[in-house]
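Heads up: the structure comes next, in structure tokens.
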Amino acid sequence: MQTADVFHLIVAISARTPADIEPIADALARMRPTCLAEPGCLAWEAYHSADAAEKFYLVETWASRAAWEAHGELSAIQDIYVPEIMPRINREVHPCSRIG
């Protein structure tokens with residue numbers, strides 16, 4: 001696999017209300033092992049901002065964009081992210097290229 005094939009993604013998430021913060025954090029923690037076990041997942045990390053409680057960041061690395069797109073149909077997304085997280089958030093999805 002060439003480095004150029006690797007797909008990097010950063011997702012910026014904002015909880016809609018303070019009551020949404022803990023359920024989002026819990027759901028993201030439960031997603032991690034499922035995501036890491038998926039085909040093509042090279043790294044998947046969720047971060048909670050120390051300065052802004054409503055902010056979360058997902059930093060993902062996939063073997064290819066196709067692997068990331070397939071992830072959208074699997075358990076972590078369909079069973080946790082869509083029903084438990086999406087109704088509670090605003091988000092920005094940023095496919096990225098590593099610098100250096």
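Contact check for Leu9 versus Trp68: side-chain heavy atoms found under the 4.5 Å cut-off. Leu28 has its side chain within reach of Met31: a pair of non-hydrogen atoms, C-beta onward, lies under 4.5 Å apart. Counting heavy atoms from C-beta outward, Pro95 and Phe7 have side chains that approach closer than 4.5 Å. In this structure, the side chains of Tyr57 and Val11 stay at 4.5 Å or more apart for every pair of heavy atoms.
Judged by distance alone, with hydrogens and angles left aside, the side-chain atoms of Arg16 form a donor-acceptor pair with the main-chain N or O of Pro87 at under 3.5 Å. Asp20 contributes a side-chain N or O that, together with a main-chain N or O of Thr17, makes up a donor-acceptor pair within less than 3.5 Å.
If you take CG on Asp26 and CD1 on Ile21, they are separated by 14.0 Å, rounding to the nearest 0.5 Å. Atoms CD and CD1, on Glu45 and Ile10 in that order, are 12.5 Å from each other to the nearest 0.5 Å. Note that the CZ atom of Arg65 and the NE2 atom of His8 stand 13.0 Å from one another [nearest 0.5 Å]. To the nearest 0.5 Å, atoms OG (Ser64) and CD (Glu69) are separated by 8.0 Å.
Scanning both residues, Arg88 and Ala19, for their nearest heavy atoms gives NH1-O, 4.3 Å. The heavy-atom pair separating Ser14 from Lys55 by the smallest distance is OG-NZ, 3.0 Å. The shortest non-hydrogen separation linking Pro39 to Leu74 is CD-CD1, 4.3 Å. Contact between Pro33 and Ala29 at its shortest, heavy atoms only, is CD-O, 3.5 Å. What you find for Ile77 and Pro83 is that their closest heavy atoms are O-CD, 4.1 Å. The minimum heavy-atom distance linking Gly40 with Ala67 is given by the pair CA-CB, 4.0 Å.
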**Request:** List the steps, then state whether side chain to side chain contact (heavy atoms under 4.5 Å, CB included) holds for Arg91 with Ile85.
**Result:** CA-CA 10 Å; Arg91 71 181 183 143; Ile85 298 175; over 6 Å; no

**Asked** When you look at Trp44 and Leu58, which way does the side chain to side chain contact (heavy atoms under 4.5 Å, CB included) test go after all the steps?
**Response** CA-CA 7 Å; Trp44 193 97; Leu58 305 180; 3.9 Å; yes

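Grouping the Ile, Leu, Val, Met, Phe, Trp and Tyr side chains by contacts below 4.5 angstrom, directly or via other members, places Ile80 apart from Val59. Linking Ile, Leu, Val, Met, Phe, Trp and Tyr whenever their side-chain heavy atoms come within less than 4.5 Å puts Tyr81 and Val93 in one cluster. Under the 4.5 Å side-chain heavy-atom criterion for Ile, Leu, Val, Met, Phe, Trp and Tyr, Ile24 and Tyr47 are members of distinct hydrophobic clusters.
When the shell of 6.0 Å around CD of Glu22 is examined, it contains 12 or fewer heavy atoms from other residues, nucleotides or ligands.
The aromatic rings of Trp62 and His71 lie tilted to each other, with the angle between the two planes from 30° to 60°.
Residues Arg30 and Glu84 are paired through a salt bridge, judged by an N-O separation under 4.0 Å between the basic side chain and the carboxylate.
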